[in-house]
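Okay, so here's the structure we're looking at.
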Number of protein chains: 2
Amino acid sequence: MLKNPIVLLDLVNRLGNLMRAEFRRIGSEDGLQPVHVLSLLFLEQANRFSNTPQALAEYLGLTKGTVSQSLLLLDRRGLIERYQDEIDKRVVRLRLSPQGEAFLSETNPAGLWQTATREISANRVRYSVSVLRTILYEIQNFSGGPAFGVCNTCVYCQRKSQRIHHCTWFGERLSGPETRKICREQVPKTGSLSASD
Amino acid sequence: MLKNPIVLLDLVNRLGNLMRAEFRRIGSEDGLQPVHVLSLLFLEQANRFSNTPQALAEYLGLTKGTVSQSLLLLDRRGLIERYQDEIDKRVVRLRLSPQGEAFLSETNPAGLWQTATREISANRVRYSVSVLRTILYEIQNFSGGPAFGVCNTCVYCQRKSQRIHHCTWFGERLSGPETRKICREQVPKTGSLSASD
DNA sequence: AAATTTTGATATCGATTCGATACGATAAAG
DNA sequence: CTTTATCGTATCGAATCGATATCAAAATTT
């Protein structure tokens with residue numbers, strides 16, 4: 001009999017393929033490839049420690065050279081903006097341009113997914129998220145790359161008061177909204193990996 | 001706050017990207033691209049109603065022309081065998097060649113995934129499978145393509161006796177092992193979508 | 001039974017991705 | 001100050017991929 005983890009892998013692959021096809025459809029009107037849509041979605045979610053070409057390359061599992069080309073295209077189309085980092089001048093920071101944000105809100109690449117998950121209870125979604133996140137974290141352990149988790153489920157994220165959080169990894173203050181973005185240095189709290197969070 | 005279904009989508013995308021990179025690594029020694037490894041994995045699992053170029057194209061979310069090229073390469077490398085269907089002579093059937101099977105067993109493309117899921121309980125895997133399968137089925141409803149589920153969780157799969165099953169869709173007998181492969185016409189039983197199966 | 005339409009698969013072509021490699025600029029280490 | 005490492009970009013060749021056209025077989029209609 002097929003081992004259940006393999007069935008799960010098959011589902012992840014297939015859902016990935018389907019969403020890839022959906023992103024292709026979404027982007028085709030504007031001449032964008034799936035990788036471009038994925039890049040825009042990433043930049044929408046990445047926090048200020050993770051909005052670099054390098055981080056995007058790790059997120060997509062591609063080389064930085066390849067990603068550099070995709071970013072060039074997005075820049076030419078005016079969908080993203082690139083600017084130099086103040087402190088480390090080798091680093092390029094990325095953000096969505098107003099057009100990029102408009103593209104996402106108009107096309108809503110996740111629309112199909114949202115429709116498909118409408119009837120699924122929040123509990124079941126949360127449970128699945130915790131399982132997949134555990135797997136992601138394990139894969140990161142074995143293959144070295146960052147896991148890219150949501151900031152507020154990270155061991156380094158400390159809540160100082162109602163509104164103020166602090167990241168003990170980067171040693172910086174975080175606003176509330178910032179703690180809901182995804183970060184390349186995220187290390188999940190053990191509690192956030194269980195089904196009961 | 002980010003809606004949980006979006007977090008789940010992000011995880012599926014990211015895991016898909018990572019496994020894609022892993023498949024690239026696996027195939028690189030033999031000059032195979034990720035899509036080729038995915039194709040071999042599909043053929044390993046597809047039942048005899050689903051081992052055609054068309055089904056593979058739907059599974060991968062690619063056009064049949066594109067898939068035809070990939071299959072040509074796999075054929076040239078001797079990893080798959082193609083043969084004409086007896087009844088419908090337009091249809092080409094696909095199967096792994098001995099070399100193809102050897103490739104999968106030697107490289108074990110799912111190895112990283114198996115390692116990463118080792119510590120996760122069978123229950124949690126099953127639960128996640130049921131959630132993702134529900135989503136997959138919903139996406140199929142909206143976008144038209146087949147869902148590719150495991151045969152024995154299908155409404156058309158009837159158990160006649162200890163060893164004999166029957167598919168009321170294709171109207172053919174099925175052996176036990178056959179009911180554990182994936183089929184393009186699979187329609188999940190409602191019970192198999194709940195968390196309690 | 002003949003003509004039409006549909007379906008499965010392949011071939012060709014151009015655009016684009018992607019990895020490998022090399023390169024330049026900045027930062028860090030010694 | 002020299003060396004080394006890191007981040008990003010540029011170039012090139014191989015390969016994917018979609019669009020379109022074509023071919024053959026089956027299904028449908030007339």
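Throughout, a chain's letter reflects where its sequence line sits, starting with A, and its residues are numbered from 1. Computed from a prediction, not measured in an experiment: that's the story for all the values here.
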Under the salt bridge (Lys or Arg N to Asp or Glu O under 4.0 Å) test, residues paired with [X] that sit two or more places apart:
{"X": "A:Glu138", "value": "none"}
{"X": "B:Glu22", "value": "B:Arg25"}
{"X": "A:Arg20", "value": "none"}
{"X": "A:Arg159", "value": "none"}

The helix from C:dA1-D:dT30 to C:dG30-D:dC1: angle between end helix axes, five pairs per end, rounded to 10 degrees: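 What I find for the helix from C:dA1-D:dT30 to C:dG30-D:dC1 is an axis angle of 30°.
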Rounded to the nearest angstrom, tell me the gap between atom CZ in A:Arg76 and atom C1' in C:dT16.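 Atom CZ in A:Arg76 sits about 11 Å away from atom C1' in C:dT16.
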Please report, rounded to the nearest Å, how far the P atom of C:dT10 is from the NZ atom of B:Lys89.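 That distance rounds to 17 Å.
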For nucleotides 15-20 of chain D, print each protein N/O atom paired with a nucleotide N/O atom at under 3.5 Å, atom names and distance only.
residue : atom : partner : partner atom : Å
D:dT16  : OP1  : B:His36 : NE2          : 2.7
D:dG18  : OP1  : A:Arg24 : NE           : 3.0
D:dG18  : OP2  : B:Thr63 : N            : 3.2
D:dG18  : OP2  : B:Thr63 : OG1          : 3.2
D:dG18  : OP2  : B:Thr66 : OG1          : 2.8
D:dG18  : N7   : B:Thr66 : OG1          : 3.0

Collect all protein-nucleotide pairs involving nucleotides 3-7 of chain C in which both atoms are nitrogen or oxygen and the distance is under 3.5 Å.
residue : atom : partner : partner atom : Å
C:dT7   : O2   : B:Arg90 : NH1          : 2.8

For residues 33-75 of chain B, pull every pair meeting ring pair (Phe, Tyr, Trp, His ring centres under 6.0 Å), keeping only residues two or more places apart or in separate chains.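 Output for this query lists B:Phe42-B:Tyr59, B:Phe42-B:Phe148, B:Phe49-B:Phe170, B:Tyr59-B:Phe148.
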Would you indicate what B:Leu72 reaches in the nucleic acid, counting non-hydrogen atoms under 4.0 angstrom: base, sugar-phosphate, or nothing?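 Since only primed, P, OP1 and OP2 atoms lie under 4.0 Å of B:Leu72, the category is sugar-phosphate.
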Sorted by first residue and then second, give each salt bridge (Lys or Arg N to Asp or Glu O under 4.0 Å) pair with at least one member in residues 41-50 of chain B; sequence neighbours left out.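 Counting only pairs at least two positions apart or across chains, the salt bridge (Lys or Arg N to Asp or Glu O under 4.0 Å) contacts touching residues 41-50 of chain B are B:Arg48-B:Glu172, B:Arg48-B:Glu178.
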Give, ordered by number, those residues of residues 80-87 of chain B having at least one heavy-atom distance below 4.0 Å to an atom of DNA chain C; if nothing qualifies, reply none.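 Heavy-atom contacts with DNA chain C come from B:Arg82.
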Using side chain to side chain donor-acceptor pair (under 3.5 Å) as the criterion, list what pairs up with B:Glu81, not counting sequence neighbours.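 If we apply the side chain to side chain donor-acceptor pair (under 3.5 Å) test to B:Glu81, skipping adjacent residues, the hits are B:Arg95.
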Tabulate below the donor-acceptor pairs under 3.5 Å that side-chain atoms of residues 96-109 of chain B make, not counting sequence neighbours, or state none.
residue  : atom : partner  : partner atom : Å
B:Ser97  : OG   : B:Gly78  : O            : 2.5
B:Ser97  : OG   : B:Leu79  : O            : 3.1
B:Ser97  : OG   : B:Gln99  : N            : 3.3
B:Ser97  : OG   : B:Gly100 : N            : 3.1
B:Ser105 : OG   : B:Glu101 : O            : 3.3
B:Ser105 : OG   : B:Ala102 : O            : 3.1
B:Thr107 : OG1  : B:Phe103 : O            : 2.7
B:Asn108 : ND2  : B:Gln114 : OE1          : 3.2

Kindly check if the number of other-residue, nucleotide or ligand heavy atoms within 6.0 Å of CZ (B:Arg173) is above 12?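 At most 12 heavy atoms, drawn from other residues, nucleotides or ligands, come within 6.0 Å of this atom.
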Shortest non-hydrogen contact between A:Asn17 and B:Leu60, atoms and distance: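 Residues A:Asn17 and B:Leu60, closest heavy atoms: CB-O, 3.6 Å.
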Decide yes or no for B:Arg24 and B:Gln33: does some side-chain heavy atom of the first lie under 4.5 Å from some side-chain heavy atom of the second?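 Heavy-atom side-chain distance check passes, below 4.5 Å.
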